[in-house]
K.L.:
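Please read through the structure below; I'll follow up with questions.
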Amino acid sequence: MSTLRLTYQHCRFLGFILLIICLSVPVLSLPQQVSAAVQATYYVSPTGNDTSPGTLSSPFLTIEKARDTVRTLSNAMTGDIVVYVRGGTFFLGSTINFNATDSGKNGFQIRYEAYPGEKPVISGGVKLTGWTQDTTNTNVYKAPLPRNKKLRALYVNGQRAFMTSKTINALGGYGSYSITAGQASWAWASGTQNAGTKFNATDLPITTRNQSDIELETQMTWNRVIVGVDRISNIGNGQVAAMLQQPYGSIAQRINWSPYNTSGSQNVYNVFEWLTSPGKFYYDRANQTVYYYPRAGENMSTAEVIAPNLETLINIQGTPITGRVQNLTFKGISFAHSDYNLYQVGNSFGAATVQAGTIVTAYGNPNWHRDFYRNYDVFPGAVEVNAANNIQFLDGEIKLTGADGLVLENDVQNILVSGNLMYSTGGASVSVGHPQHVYVNDPSTYQVSDGAPVSKEKFATGTEAVPKNITITNNYMLDACKLFLGHSPITAFFTDSLNVNHNRIENSPYSGITLGWGWSNFNGNSVSTLPNIPTTTAKNNNISYNQFVDTMQVLNDAGPIYTLGDMPVTTITNNYMKGVPAGHKYALHPDEGSANISMQNNVMNINPGVTWTLNSDNSATFGYKHDLNFTQNYATVNKISNKNVPNSVIQDVSVYADNVWPLQAYNITLNSGVSDPYRNLITPNGVALQDYVLPASVFVDASTTSLGIKSAGDVSKFVWLAPAGTTNFSEGATMKKASGVATSISVPQTSGTYKIYIVDSQGNRSAESVNVVRVTAAPSGSVFEAEAAQLSGGAKVNTDHLGYAGSGFVDGFWNSGATVTFSVNVASAGSYRVNARYANAQNSPSTVSLYLNGTKVKQSSFPKLANWDTWGNQMEVVTLNAGVNTIAYKYDTGDTGWINLDNILVQ
């Protein structure tokens, strides 16, 4: 891009933004900061003292002391206040609370930051010591733990250990438990459920200890439900009954679609006799002792073992609407080791829901839509944020949690979550919003005769607001939802302007993201819960440039991206989905009520045995989907369940069964996932560097001179593109080299299959990349150089970038109306492929209109490439007449422009 063009771009910036708004593309809204000098600096250290002045040499001991000290300055802020948190682990005795008095004032930030080069960990657990080998089972070690509640999680050397478990078969319900409406705050309806679950006595030992710590779990298609056991009773005939903790055992059976089932397969947890495999633990509450079966290589005399104690580590809670917490930043800090002992009703515990990261809290209408979700809540988070504005979580960690990681629930706006590793969360990595936001500040008339009244709302009138302008970007979410498998790493309910982009979400049991709520039950039609009163709270959401890797690994009936309900001006674009296994699973699933969603330019590397590539099933009683745009997508297999969705454009995907993609699709994968400055989040432990550099397989022909890659980020290394098995590297016809910080590499001009290698300055090479670059011979056909075509509307010849063919290329596509018109003579009428060789380092993607013989035939999309010196190919199939035809590319109304055009190849 020339200097002149950069200057012109800035002049056109306002117009460009207005164009984006007119095109209904969501604009990223980030929290704003005032750039200013630091007013005051304090220090906190695990070895400090709260009687100290909080200096570098005499730091505070606790974050609470630093917070309280900052409060004395914050009302008259003239710059940012920084609290540096030194390395080490801060074991909390109670939750750290932040309220409106802890806000940054006058537009300045209060920043809690890791001291440079150090890693502080805020832990909700306690360290266990005194491990000894058990004399009864020498594979097991034990340690004392004073605690008056069940233990559902244990963390050993930074890894999660799991409760003992076994899958056994239940034989049906036993006894009955009756509820009368109004008998307690949780009793919203009357009914009778099973009091217990029957098992063969040989499957569930009646003499096992701590029976009230046992849990039963049943799996549905898309969910799992957990109930607690009160005791085990002998009921004769070789059977026992696990009597359920009540009333939650009945609440869990009451719900529709995915209730706790007293028959069939059950996962049973927390039986001491089943402590027989590595990585499992058992807590003997009666004897205050933890038993643990070490994994290979774990030395219990040196292992760091942490038992979680706190449910929430950090709670940011302002006064809704009128007194939000504002202008706080947490940077470089790890939040770890939270606890969760299931939802409590009376003296009973459990975790039941119809779907996703919600939990039923009362015995109400089995059809949760009739209760307006008032008998449901969200899970707690290790970090919770409510009634807050301009809060940032940067470059840190949220890991090893008992329930969700970060919960952004009610009246939160302008939140930035960026650059974080979120690892092994018990539930969602990030949860946004609440099911009850289907309507906001509900009038008293928003209820139905067989449902819960408005008085049951969690948020009082005047205190409820939908999350708005939430940005989740450049995070690595790995191994989420380890304890609550029906959650999604990102679980979002009703949201306005949620922007999820450039994240890598890897290894989840269910979908990668759940977006939306309400199904079609609140769309305002004649059969909805409130006819003529549609929900309008979900809108303007954007899911783009993410990588979803190995989602849907356990549960079914969803895909990496799952949506519910109407959400105008929502886009799902330029995402790369990889590793969806065969079965009752999909790549994209706009479920019931999904509407006004555009799904475009996504690449789906999926098992061909999935049920659908796109599940767009729709009917008058099961769906009410409309206004869906599914175009220009790529996949391993083309399985579209239904194209006849009202007011929708649903096209077949471009199929590449071997997952070796054309350049347009490859560039989507290249631009997805975390941006290069955040590569260290995922390499080398999560992703090998060579596989980060080449994120997918691609085929090109020998006329392609360079290929975009991700930067290896190391100037001392080299990136090689060479044949499989190469051990000695020398540049030539079959080997090409780029620097370790390059974002493109030359393409060998010899046909063959090539791999990426990373070679250090000593000549040590990495393993070869999993993905390949397949080079074929240059295609035959007629090449038409752009600089020789007819130019108009501001299109002009330039030579200020490398790699063009012929004598130059054509730019000027920042001018509305810029047009390049080729005259193409073909011998016979028919279908022809037109490959446009282009550069684009501006938009993702850039678009211009394609005209054939003077008639506009479509808007062509040109994926973003690594830089203006990188050239790609964009193919269209057109029908030409025998003789002379005109093929034109024009920056037309509705286009974004901004490409350089080198030539076209007509075949």
Side-chain angles (χ1 to χ4, degrees), residues 89 91-92 95 121-128 131 140-165 210 212-215 217 224 226 228 267-272 274-275 277-285 288-295 298 300 303-313 334-344 349-351 357 359 379-383 397-407 422-429 478-487 489 507-509:
T89 302
F91 290 102
L92 302 182
T95 299
V121 178
I122 297 178
S123 172
V126 294
K127 187 178 291 188
L128 302 188
W131 290 94
V140 171
Y141 286 72
K142 61 184 179 179
L145 174 61
R147 179 186 176 98
N148 61 5
K149 56 186 177 181
K150 177 169 55 181
L151 184 68
R152 302 191 76 252
L154 191 70
Y155 309 116
V156 182
N157 291 337
Q159 301 296 313
R160 180 184 297 275
F162 295 88
M163 297 180 290
T164 64
S165 64
N210 300 297
S212 62
D213 287 349
I214 295 173
E215 297 174 7
E217 178 186 66
R224 287 187 175 181
I226 302 170
N267 299 318
V268 183
Y269 297 91
N270 261 347
V271 174
F272 176 75
W274 298 344
L275 184 55
S277 58
K280 297 293 183 71
F281 73 90
Y282 178 84
Y283 179 55
D284 186 342
R285 185 151 54 109
Q288 305 280 277
T289 301
V290 177
Y291 294 83
Y292 175 65
Y293 195 132
R295 298 179 177 97
E298 290 177 341
M300 298 311 294
E304 181 186 67
V305 183
I306 295 176
N309 184 50
L310 294 180
E311 191 172 275
T312 298
L313 316 183
S334 295
F335 301 97
H337 314 134
S338 67
D339 197 10
Y340 183 53
N341 267 294
L342 307 181
Y343 190 81
Q344 183 174 2
F349 296 83
I359 192 163
F379 276 64
V383 178
E397 295 179 335
I398 298 179
K399 61 184 182 180
L400 301 172
T401 66
D404 290 353
L406 173 63
V407 174
M422 298 182 178
Y423 170 68
S424 192
T425 50
S429 300
L478 177 64
D479 292 344
C481 316
K482 299 300 288 186
L483 300 180
F484 303 100
L485 277 65
H487 293 206
N507 195 23
S508 64

K.L.:
Checking Tyr269 now: which residues fulfil side chain to side chain donor-acceptor pair (under 3.5 Å) with it, not counting sequence neighbours?
P.N.:
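Scan of Tyr269 (side chain to side chain donor-acceptor pair (under 3.5 Å), adjacent residues dropped) gives Glu217.
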K.L.:
Could you walk me through whether His487 and Thr425 satisfy the side chain to side chain contact (heavy atoms under 4.5 Å, CB included) test, starting with their C-alpha distance in whole Å, then the side-chain angles of each, then the deciding distance to 0.1 Å, before giving a yes or no?
P.N.:
CA-CA 10 Å; His487 293 206; Thr425 50; over 6 Å; no
K.L.:
So if I apply the side-chain contact (heavy atoms from CB on, under 4.5 Å) rule between Thr312 and each of Val383, Thr95, Val407, which one comes out positive?
P.N.:
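Going through Val383, Thr95, Val407 one by one, the side-chain contact (heavy atoms from CB on, under 4.5 Å) with Thr312 is satisfied by Thr95 alone.
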K.L.:
For the residue pair Asn507 / Asp479, report whether a side-chain donor-acceptor contact shorter than 3.5 Å exists.
P.N.:
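A pair is found: one side chain offers a donor N or O, the other an acceptor, under 3.5 Å apart.
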K.L.:
Who passes side chain to side chain donor-acceptor pair (under 3.5 Å) against Tyr282, sequence neighbours left out?
P.N.:
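Tyr282: side chain to side chain donor-acceptor pair (under 3.5 Å) contacts with Asn210.
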K.L.:
Work out which heavy atom in Leu483 is nearest to a heavy atom in Gly402; give both atom names and the distance.
P.N.:
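That would be CD1-O, 3.7 Å.
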K.L.:
Evaluate the side chain to side chain contact (heavy atoms under 4.5 Å, CB included) criterion for residues Arg152 and Leu342: first the C-alpha distance (whole Å), next the side-chain angles of each, then the deciding distance (0.1 Å), finally the verdict.
P.N.:
CA-CA 9 Å; Arg152 302 191 76 252; Leu342 307 181; 3.6 Å; yes
K.L.:
May I ask you to say whether Lys149 pairs ionically with Asp339, meaning some side-chain N is under 4.0 Å from a carboxylate O?
P.N.:
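Yes, charged N to carboxylate O under 4.0 Å.
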K.L.:
Please report whether the ring centroid of Tyr291 lies less than 6.0 Å from that of Phe272.
P.N.:
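Between Phe272 and Tyr291, the centre distance is under 6.0 Å.
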K.L.:
Test side chain to side chain contact (heavy atoms under 4.5 Å, CB included) on Phe484 and Phe379; report intermediate values, then the result.
P.N.:
CA-CA 10 Å; Phe484 303 100; Phe379 276 64; 3.8 Å; yes
K.L.:
Would you please name every residue forming a side-chain contact (heavy atoms from CB on, under 4.5 Å) with Leu310, sequence neighbours left out?
P.N.:
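Counting only residues at least two positions away or on another chain, Leu310 forms a side-chain contact (heavy atoms from CB on, under 4.5 Å) with Leu92, Leu313.
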K.L.:
If only side-chain N and O atoms count, and only distance matters, is there a donor-acceptor pair under 3.5 Å linking Tyr423 with Gln159?
P.N.:
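Per modelled atom types, Gln159 and Tyr423 side chains form a pair under 3.5 Å.
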K.L.:
Please determine whether the number of non-hydrogen atoms from other residues, nucleotides or ligands lying under 6.0 Å from atom NZ of Lys127 exceeds 12.
P.N.:
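Open.
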K.L.:
Stepwise, does the side chain to side chain contact (heavy atoms under 4.5 Å, CB included) test hold for Val126 with Arg147?
P.N.:
CA-CA 11 Å; Val126 294; Arg147 179 186 176 98; over 6 Å; no
K.L.:
List the residues meeting side chain to side chain donor-acceptor pair (under 3.5 Å) with Arg285, not counting sequence neighbours, and say none if there are none.
P.N.:
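Arg285 satisfies side chain to side chain donor-acceptor pair (under 3.5 Å) with Ser212, Asp213 only.
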K.L.:
Report the residues that fulfil side chain to side chain donor-acceptor pair (under 3.5 Å) with Ser334, sequence neighbours left out, ordered by chain and then residue number.
P.N.:
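In terms of side chain to side chain donor-acceptor pair (under 3.5 Å), with neighbours along the sequence ignored, Ser334 is linked to Glu397.
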K.L.:
Please report the closest heavy-atom contact between Thr289 and Tyr283, naming both atoms and the distance.
P.N.:
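Taking Thr289 first and Tyr283 second, the nearest heavy atoms are O-CD1, 3.3 Å.
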K.L.:
How far does CG of Leu154 sit from CD1 of Ile306, to the nearest 0.5 angstrom?
P.N.:
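Going from CG on Leu154 over to CD1 on Ile306, the span is 9.5 Å.
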K.L.:
Quick one: list whatever passes ring-ring contact (aromatic ring centres under 6.0 Å, His included) with His337, sequence neighbours left out.
P.N.:
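Expected list: Tyr155.
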